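Structure first, then comments.
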Amino acid sequence: MYQLIFHSNNSDIANQIEKDFEIKSIKHDGHFRFNLTSENKVNLQSLREKYHEDFNLVDQSFRFEDIGLMVSDMDSTMISIECIDEIADFANLKDQVSEITEQAMQGILDFNSSLKKRVALLKGLDLSVLNEVYIDRLKTNPGAELLINFLRNQNIKTALVSGGFTYFTDRLAKDTGIDFSRANVLEVENGHLSGKTSGRVINSSEKANFVKELCQDLNLNLSQTLTIGDGANDLDMMNLSGFSVAYHAKPVVIERANACICYGGLDKIIDFFTNKPFS
Ligand SMILES: [Mg+2]
């Protein structure tokens, strides 16, 4: 059995859906749910486009109460920027970095090579630039704090993973109360970037490995994980998790995730967990 979740309080739209599909709505805190029968054919894409709101289908046999870990991508998922682009902007290297990003997007360069090339461009940059990017440019996406606080109250562990840099993931994790983080380590020499990273490159498969490692450490099954991402690099970890959410994501990610949030904030993810009718 599936439930349609309408991630909004808009009762006019809920009433319209009741009429169109001949189904009853159930009001919850912050959203509506509809129990679907096998006769109900719901096209999520057309609902989303028609109402400019978030709609998702959830399999009622999936136990959200068993989720013990949330792992989220950082750039353009938990925060609104791509850190490396902002560093490049500060250092007047935006064009060079964009060119490499473009090559990676066209498939000319793989992630590891493109990271290496971009980090090499940052050689000699003063560490204070990273601080400035963090202070001036890095903002969490809407609803991030609500989501993190909700998960903490449910005793769900939280983790941040990024193909970017530990300078940002570690600091953001600390500032927001996220339990774990992993990213690439920028090598520093005398207060300046050396143009290299140290240790393993955190790419798509290393993001997935991070989820596996955390599950082992926390004694959880992969099915007890929730992952959130926006880019192709998040697909490996999203594929192996129990429930994956594409957040304002690229089409390929929306296609393959269990759910997507394209209009609302990160706090809409709380709706999946709050399955108690509103009275
Ligand atoms: Mg991202």
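Note that the numbering runs from 1 along the sequence shown for the chain. Read the numbers this way: they start at 1 and go in the same order the structure lists the ligands and their atoms. Computed from a predicted structure; not experimentally measured.
Within the protein, the number of N, O or S atoms lying under 2.8 Å from the Mg ion (ligand 1) is 3.
Thr225 has its side chain out of reach of Ile67: every pair of non-hydrogen atoms, C-beta onward, lies at least 4.5 Å apart. Side-chain contact between Thr166 and Arg171 is absent, with no heavy atoms from C-beta onward closer than 4.5 Å.
Tyr247 and Ile228 get closest at one heavy-atom pair: CB-CG2, 3.8 Å. Taking all atoms of both residues into account, the shortest heavy-atom contact from Val201 to Glu206 is O-CG, 3.2 Å.
Listed for the Ser244 side chain is no donor-acceptor partner under 3.5 Å among the backbone atoms of Ala257. Panel note: side chain Asp126, backbone His192; no donor-acceptor pair is recorded below 3.5 Å.
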